[in-house]
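Some notes on the structure that comes next.
Since the model is a prediction, treat every value here as computed from it, not as a measurement. We're numbering straight along the sequence, starting at 1.
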Amino acid sequence: RTTSKHSFEYSHTFVQTKLPLRQPTHERSPCCMSTKEEKPTLAGATLKTRKRNIVAPADPGSFADAVVTIIKDASAEGAPIRDNLSAAVKGLEGVELDFSRYGDTLFEVLFAGGRMAGGGNVVEEGKKLETNVLSSTGGREGVMPYLEAFKTLIRRRPFLIRALENTLVKLIMSLEFYDEAGRQKIAISMARVFVLKLGVLPDRVLVPLLNDRMVAKGTILAFVTDFFADFLATDNVDDLVALLKKARLDDRLLEFFPPQQRSLDQFNSHFKAKGLSAVVEYNTGKVVEVHLAELAAALQEMVTAAPPASAADTVAFAKARKAEWGLPDVEIVKVMWNTLISVIPLSNKSHSQIQKAIASQVKKYGKLLDSFCGTVKLEAALMVHIQVYCYEDPKLLKLFADIIRILYDNDILGEDTIKHWYRKGSAPKGRQVFQRDLEPFLKWLDEAEEEEEDDE
C-alpha cells in the first residue's frame with residue numbers, strides 16, 4: 001500500500017507466485033499406478049494475482065482544510081487579493097491533492113469560504129477561508145480576481161469544469177437563502193464565467209433557473225436581470241442570445257417572470273427600467289416571429305380549405321391579426337407571398353404550368369398582397385423578397401421576370417418600383433441573372449411610356 005501526505009486512495013499491488021516443479025514423494029507400486037498418462041505441468045512460470053481494489057472513504061473535510069491552509073500560507077498580509085489568489089493557485093499546483101474527486105469542494109471553498117451544506121450554509125466543522133467570492137467587495141471588480149483564478153485552475157486541470165458547473169448549480173438552487181448582495185455576486189460571477197469562456201455548458205447551469213418556487217417569489221427574475229446586465233456590459237446581445245439558445249431558453253424568457261407578471265408589457269417595462277433595451281428588442285422580435293408563424297399557418301389553412309376562403313375574408317383576418325399583435329406590414333407581406341406560393345404544387349410541373357398556376361393564384365388573392373403594399377417602400381421590400389425566394393428555389397429560378405410581370409399586370413407592383421429595383425434596389429443573391437432576365441420587360445415599359453408621350 002502506498003500513501004502520501006495528501007493522497008486518499010490505495011493503489012493496486014500485485015503478488016507474484018512461483019510454481020515449483022512437481023516432484024513425486026514416493027514410488028507407487030505397479031498395481032496402484034494409473035493407466036492414464038500424466039499431463040505435463042507448468043514449471044518455473046510466474047503468475048500475477050491482482051488484489052482487491054480498496055477505495056478510501058470520501059473525506060472532503062480534510063481536502064477543504066488542506067485547500068484553506070495552502071491559500072492562507074500563500075497569501076501575504078496587506079497584498080492585493082489578485083496577487084494572493086495568484087500565489088495560492090501556484091501553491092495548489094505544487095501539491096498532490098485529489099482534485100478530480102474533490103473539485104466541487106475546491107470551488108465551494110473559493111465561493112463561500114468552506115464546504116457548503118443545504119440552504120446556502122457553510123459547514124461549521126473545519127477551517128474557513130475569509131477571502132471568498134461571497135465576502136468580496138461586490139461588483140465586477142470584486143469578483144474578477146476569483147474568476148481569473150478559476151480560469152488558471154481550469155486551464156491546468158480541464159476536468160474541473162464539471163466541478164465548477166456543479167458548484168454554480170448548487171448556488172443557484174440556494175439563491176433564496178442569500179441576501180440581495182449575495183445573489184448579485186453569484187449573478188456577476190456566472191456572467192463572467194461565460195464571458196471568459198471557461199467551458200461551462202449553458203444548459204447545465206441556466207436551465208435550473210426555471211425553478212417554480214423561486215420564479216414565483218421573483219428571486220429568479222432579479223437574478224436573471226443582474227446576470228443580463230453584467231453580461232451585456234462587455235458583450236453584445238447576439239452573444240447573449242447564442243448563450244440562451246444553447247440552453248434552449250431563447251424563447252422562454254417570459255418564464256423567468258412570476259406567473260401573474262407574464263405579459264409582454266410587463267417584460268418590456270421591467271427590462272427598460274433596468275436599462276436593458278437590447279433584451280426588449282430581441283424579445284419583441286422573437287414574439288413577432290411566433291405571431292407571424294401563427295398567421296402563416298392560419299392563412300394557409302384558409303386558402304386550402306374546401307371551399308377556400310375568399311380574398312376579402314383573408315384580408316380581414318390578416319388586418320385583425322395585425323392590429324391585435326402589432327405586426328409590421330413588411331413582414332406580413334412576406335408571409336402572404338410565402339403562403340400563396342407554398343400552396344401551389346410545383347413538383348413535376350413544366351415552366352409554363354408553374355407560370356399559369358402563379359398567375360391564377362395572384363389573380364385570385366392579389367388583393368391580399370395589394371392591401372399591405374400601400375407604399376413604394378413596401379413594394380420594393382416585396383420585390384426583394386421575391387428575388388431571394390426565387391433564388392433559393394430552383395423551380396422558380398427562371399420565373400422571376402414572369403412573376404414580376406404578373407404582379408405588375410395585377411397592379412401590385414408599380415413601374416417606378418421595378419425600375420428602382422433594377423437600378424439600385426436589388427439584393428445580392430442572383431442579381432445579375434435576374435437583372436438580365438428582366439431587361440426585356442423594362443425595355444417594354446420604356447417603349448410603352450414613349451408611346452404614351454407621343455399620343456399626348
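No donor-acceptor pair under 3.5 Å is formed between the side chain of S174 and the backbone N or O of L171. With hydrogens and angles disregarded, no donor-acceptor distance shorter than 3.5 Å links the side chain of N211 to the backbone of P208. Using a distance-only test at 3.5 Å, with no hydrogens or angles considered, a donor-acceptor pair links the side chain of S135 to the main chain of E130. Under the 3.5 Å distance criterion, the side-chain polar atoms of K185 are matched with a main-chain donor or acceptor of S136. In this structure a side-chain-to-backbone donor-acceptor pair under 3.5 Å is present from Y102 to D59. Between the side chain of K272 and the backbone N or O of H270 there is no donor-acceptor pair closer than 3.5 Å. With T219 contributing its side chain and V215 its backbone, the two residues share no donor-acceptor pair below 3.5 Å. Between the E108 side chain and the G113 main chain, no donor and acceptor come within less than 3.5 Å of each other. Proximity of a side-chain donor or acceptor of K128 to a complementary backbone N or O of E124 within less than 3.5 Å is detected. In this structure, E165 contributes its side chain and V200 its backbone to no donor-acceptor pair below 3.5 Å.
Of the options L153, I161, L164, a side chain to side chain contact (heavy atoms under 4.5 Å, CB included) to L198 is made by L164 and by none of the others.
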Decide side-chain hydrogen bond (donor to acceptor under 3.5 Å, both in side chains) for D98 and S100; before the verdict, give the C-alpha distance in whole Å, the side-chain angles of both, and the deciding distance to 0.1 Å.
CA-CA 5 Å; D98 194 353; S100 61; 2.9 Å; yes
Between I341 and L396, is a side-chain contact (heavy atoms from CB on, under 4.5 Å) present by the stated rule, with each step listed?
CA-CA 10 Å; I341 298 301; L396 301 176; 4.1 Å; yes
Please step through side-chain contact (heavy atoms from CB on, under 4.5 Å) for the pair T131 and L129, ending with a clear verdict.
CA-CA 6 Å; T131 55; L129 185 66; 4.0 Å; yes
Using the side-chain contact (heavy atoms from CB on, under 4.5 Å) rule, take I70 and L97 through it: C-alpha gap first, then chi angles, then the decisive distance, then the call.
CA-CA 11 Å; I70 293 169; L97 290 175; 3.9 Å; yes
Pair W421-Q435, side-chain hydrogen bond (donor to acceptor under 3.5 Å, both in side chains): steps then yes or no
CA-CA 9 Å; W421 177 91; Q435 286 177 333; over 6 Å; no
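Counting only N and O atoms by type, the side chains of R115 and T105 include no donor and acceptor under 3.5 Å apart. Between the side chains of D65 and S62, no donor N or O sits under 3.5 Å from an acceptor N or O. Under 3.5 Å, the side chains of N84 and S86 contain no donor-acceptor pair of N or O atoms.
With respect to R321 and E324, a salt bridge is recorded, a charged nitrogen being found less than 4.0 Å from a carboxylate O. Salt bridge annotation for R162-D104: absent, with no cationic side-chain nitrogen under 4.0 angstrom from a carboxylate oxygen. Checked for salt-bridge contact, D230 and R192 meet the test: a charged N lies under 4.0 Å from a carboxylate O. Look at R252 and E255 and you find a salt bridge, because one of the NZ, NE, NH1 or NH2 atoms lies within 4.0 Å of a carboxylate O, short of that distance. Taking the charged nitrogens against the carboxylate oxygens, E176 and R213 do have a contact shorter than 4.0 Å, which makes a salt bridge.
The side chain to side chain contact (heavy atoms under 4.5 Å, CB included) test applied to K319 returns V315, S371, F372, not counting sequence neighbours.
Both tests do not hold together for R101 against F99: distance to the six-membered ring centre under 6.0 Å, angle to the ring axis within 45°. Relative to the six-membered ring of F223, R183 misses at least one condition, a distance below 6.0 Å or an angle of at most 45° to the axis.
Within a 6.0 Å sphere centred on CD of E180, other residues, nucleotides and ligands contribute 12 heavy atoms or fewer.
Separation of atoms CD1 (I172) and CG (L206) is listed at 6.5 Å; rounding is to 0.5 Å.
Residue pairs satisfying the ring pair (Phe, Tyr, Trp, His ring centres under 6.0 Å) criterion with at least one member in residues 139-174, sequence neighbours excluded, are listed as follows: F107-F150, F111-F150.
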